[in-house]
Structures are given as structure tokens and as C-alpha cells.
Amino acid sequence: MDWKETYQTWLNYSKLDKSLKKDLEKHKEDESRLEDAFYTSLEFGTAGMRGIIGAGTNRMNIYTVRQATEGLALFIEEQGEKMKERGVAIAYDSRHMSKEFAVESALTLAAHGIKAYVFEELRPTPELSFAVRHLKAAAGIMITASHNPPEYNGYKVYGEDGGQLPPKEADDLTTYVRSVTDILSIDALDREKAEKEGLLTFVGNDIDRKYLEALRTVTIDQDLIDRQGRSLKIVFTPLHGTGQMLGEKALKQIGFKNVSFVDKQSEPDPDFSTVKSPNPEDPAAFKLAIEKGKEIDADVLIATDPDADRLGLAVRTAKGHYEVLSGNQIAALMVEYIFKAHSLKESLPKNSVMLKSIVSSNLPSVIGDKYGVETIDVLTGFKFIAEKIKEFETDHSKIFMYGFEESYGYLIQPFVRDKDAIQALVMVAEMTAYFKEQGYSLFDAIHELYHEHGHYEEKTISVKMDGMEGTEKINEIMSSLRSQTPEKFGDIQVIMVEDFKTQTRQKGSSEESIELPPANVLKYTLADSSWIAVRPSGTEPKIKFYISACDDSGVAVKEKIEAFEADIRSRIDF
């Protein structure tokens, strides 16, 4: 069936949701738009699915949500009655249609006799991960599109350990989802009946309390907080998302009293009306926080993304300006403080381990070495960090102390198995208090780390390539790089090539296997220990180029970054 036939099937479906029917009628003359909405099914992959809200098989709507949930129900049924009885926890963020998609998911599960625990109001992604573990649920669903533009929404699935599904289980689930072909006729139980039969239960305050109790374990030095908590000036913004309620309570309960909020961004807003992008990676997202910071002379500005799994910082410089830090810089500061604080308290285990993604900075690893903490690299995706944590809990070989990804995701305590911006919020406040007591701002502290370990700088080039043509272009770029391996970037020789798809590491004439699951990623290590990596995004129509440079001075590092970027752009037409 071609896209036009699929479109006609939807148009002629008598029970089609009224808002989706209206959407089809509105755009009936826009053939390119209709083609993009119907030429394929919205891809369900290892990270779930994400797309533009609207009518069509390639859009986020109640029918594609039901399809994903039908696949999940079949996946759970295959594991037996005991798993069905454990149910599924469901949370959602502040986006358009989030609550509706959450309830539709619950009612689709209910049609299979699977109970759903749905949060009564929006909640952060990390609390969903916590809820799966607390409720001993078989799985979890998070309705979110993270920091994507307002027209997007998404659907993420969590396993019984509270982490996103690892590759094998994700592939099995994807097979079930794709087996559901008639998405317009999927059964969903009537809401009133589902509630009456105990298959739909709303949850909230009790899990909030348990999560907030667990957050107390993130704190390392309560005496420090007692000394500095009232004077430290913090500005916090949830960027119109889910972080306000828990973030405010978490800071208050451990003793940070001098917290100011960006009023225009404190309330949930699906249009994210005060920012171009609700992304703490984007310096522009800090505009209002910086205004507030200057007004009160704040020590640190903190922002979380809409589902509160990512966190960004802006720190005060000696001149009184605020500079937005990168995710790698934030991780380096956290690593320095966490390991130093535990070392001073003699509470750092000898078999401590830090986990990070293969495209994250090496600086935190260097800092970890100073404290005797091992670093293990995993593939991009926090599920791989969660998988390792589970492995260590099973074999007792190592003790997890910290995990991060360069894309502003951090985890301190493993009562959550995904990146957790609320935990990071608490830790950032504590480490800011520590450095302030030592006479340093966070801006000073990162430069002290550079002075001690050398300058590190990273840059990510993210290129959006929409539609069929975009997918083909991304595939062409990866194929071209594999068939013609670059010998150098800038003037610096490539000394090692890692192809995570073929799971091979080539260094000179020697080749060895990479002991990680296959992934469509290429990484080039250079003679000066700088590196470049390339990977298509798993959640968006983008290809990403990661650049990491190191040298003795900040000027030299910036020159290298510029040279590497120019080289990449000369090779790739975008």
C-alpha cells in the first residue's frame, strides 16, 4: 500500500479521532506534507519513538501510541502472568497531548488485563524510572520529547529495573510493535471500566515522598550545606517543564533556602513561549535566568529541560558575567567534588567506578584516575549505564559512583536508572557551596582543573536531515566514511579508528574486537589524544559530529577545534 492509499484509509475511517480528521482536512492540498505523514511508520527503535504531533502513520497520535503500547502489551504477555500482574508505570511531561497519550497507553494495556499506574499530574522522567522500581512494575512508559520543539512528542519504554530497555529486549519489543499493522483498530478499554476494574490507578504524592527521601542520599557533606545553604544564591528554572515542584522541594529539604525562580518559566507551558528551544544546552535558554542572576548577584544559574532528565549551568565570571558551561565541564566539576568529598570522608570505595559514553570528554576520566576511580566507556544512551549498574549489583565487582553523558545527563545515586536532573540539581548546589567556601566560583574551579590537567574542549555539530532524503543522506555519509577512512583531521594524524558497528578497533596494522554491542558510530583518535566521532541520532533525524581536543593552553585547543571543524565540513556536504 503506498502512502496515498494509507492516507485515504485514514480519511475514510468513520471513527477517526475528530482532531486528527480536522488535521487531514486542513492540509488536504499540501501533498508534500501528507506524503511525509504517511510514507512510512513512525520509527520505533531502541529509544522508543519521537515525532511531530498530528495525523498519519509517521506522526505522534493516539493510534501510533496505541500501536507502541499494543507491542509492549504483547511483549509483557510473552513473559507470563506474573509480569502482567506487576503492571506498568506511566508518566508524562508538559507537552501537547502528553496526558492524553499517557491515558491512551493505560487503556490499551487495560484491554490486555495489564494494570497501569498513571501519574495524576506531570512528572519528570527520573521519577518515572524511580516509580518503576518502587512499584516493582514490569515496565514503564514516559511520554516526552525531551527538549525537542513544541510540535513534537515522544514515547520511551523502561524495563523492570527502571532503565530504558537494553538492545536485545528493545529489539524484541520493536518486533512486537512492528507486528501490529492495523493501527486504527487496536482495542482500548473504556476509561470508566478500566478504573472500575482496577486496571487504571492514578498515583502521585506517595511516590513523590519516597523519591524525595531517596534524594537525601545524594548529599555528601551535610555540615557544608548547613554552613553555606542560607547564603548561597541559586537561580533555578525548569524551562516550562516538569522540574519545578520536585526541584524546589529537593533543594529546600537539604537546606538551600536562598533559591530564586524565573517566574515566567516556572509554570508548565507546552509552547515553551519564552525560549526558542527549551534546551539547557542552548545558551539562549538562559536569557531570563541571567537577567534574574544579575538582579540578585546569584552564585549559579541552573536550568532543567522539559522532562527534567538533563541539566545545564551558567556560572558567574570574575567580571560579573554569566557563562554557560558544557555538559562535559559540568561533569568534570561534579567528578572533582564528588570524589574529593568522599576521599576526605574516607568513604570512597577502592573498587569505585565511573561510567560515561564513548562521545564524552576524557577530562573526568583523568580526574577519576587522580582519585583511583576506574572509568568505563559505554555506548551513547543512558540505558547502557543502567545496564552496567545492574551488572555490578549482580556480580559485586565494582561500586557505581557516578555516570554521565556529554549531552547534559548525570546520575549520582542509582535509585534511578536514567539521567536525573533533580539529583544533579542537588549535587550542583552542594558543589557550588563547597567551591564558594574555598574561595572559588564554579568558573574559577573549571579553570583550576584545566591548570592541573590540561585544557579540554569539545564541540558537537548536529545536522538535521529531515524526511526520506535526509535518511538517505545520513546513510551515504556513514558509508563514505567507512569506505574512505580519513588519514588525518586538520594536520594531526589519525592513529586509531573504532567502528562500533563492526565492533572493530584498528590501530596501525593491528585489529582487535570492541567489547560493546554494535552501534552505528565511528570514532577517530588522533596522535595528540584529541578525537572525532560521528553517529546518526537515535531519536531525531540528525547526524552528529563530536569533536574533542586537548592541549596545554585554551588558545591552542580552540585553534584545534576550528581546524577539525573546517576539515569535517570540507569532507561532508551539509
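Starting from 1, each residue takes its place in the sequence as its number. Keep in mind that the numbers below use all heavy atoms, side chains included, and drop hydrogens, waters and symmetry copies.
With hydrogens and angles left out, the side-chain atoms of S146 and D305 include a donor and acceptor closer than 3.5 Å. Side-chain contact annotation: D271 with S273, donor-acceptor N/O pair under 3.5 Å absent.
The side-chain hydrogen bond (donor to acceptor under 3.5 Å, both in side chains) test with T125 singles out one residue from D307, D309, T144, and that residue is D307. With S407 as the fixed residue, the side-chain hydrogen bond (donor to acceptor under 3.5 Å, both in side chains) test singles out one of H147, R310, E281, K419: R310.
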**Study point:** R209 and D206: CA distance, side-chain angles, deciding distance, salt bridge (charged side-chain N to carboxylate O under 4.0 Å, His left out) verdict
**Key:** CA-CA 5 Å; R209 284 193 295 271; D206 180 60; 3.6 Å; yes
**Study point:** Stepwise salt bridge (charged side-chain N to carboxylate O under 4.0 Å, His left out) test for E387 and K383
**Key:** CA-CA 6 Å; E387 196 174 25; K383 58 182 172 288; over 6 Å; no
Exercise for review: List the steps, then state whether salt bridge (charged side-chain N to carboxylate O under 4.0 Å, His left out) holds for D172 with K168.
Suggested key: CA-CA 6 Å; D172 291 344; K168 184 185 180 304; 3.1 Å; yes
Practice item. Could you give me the CA-CA distance, side-chain angles and deciding distance for F119 and I90, then say whether side-chain contact (heavy atoms from CB on, under 4.5 Å) is met? Key: CA-CA 6 Å; F119 276 92; I90 304 175; over 6 Å; no
Point to revise | Trace of the salt bridge (charged side-chain N to carboxylate O under 4.0 Å, His left out) decision for D2 with K4 | key: CA-CA 6 Å; D2 67 16; K4 291 183 179 179; over 6 Å; no
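Summarising the geometry, atom CZ belonging to F261 is positioned 15.5 Å from atom CG belonging to L288; distances are rounded to the nearest 0.5 Å.
Under the 4.5 Å side-chain criterion, counting only non-hydrogen atoms from C-beta, P124 is in contact with L246. Q423 has its side chain within reach of L215: a pair of non-hydrogen atoms, C-beta onward, lies under 4.5 Å apart. With a 4.5 Å cut-off on side-chain heavy atoms, P280 and L311 do not count as touching. Side-chain contact between K388 and V378 is present, with at least one heavy-atom pair separated by less than 4.5 Å.
Ring geometry for Y176 against F75 counts as perpendicular: the plane angle is over 60°, on a 0 to 90° scale with 30° as the lower cut.
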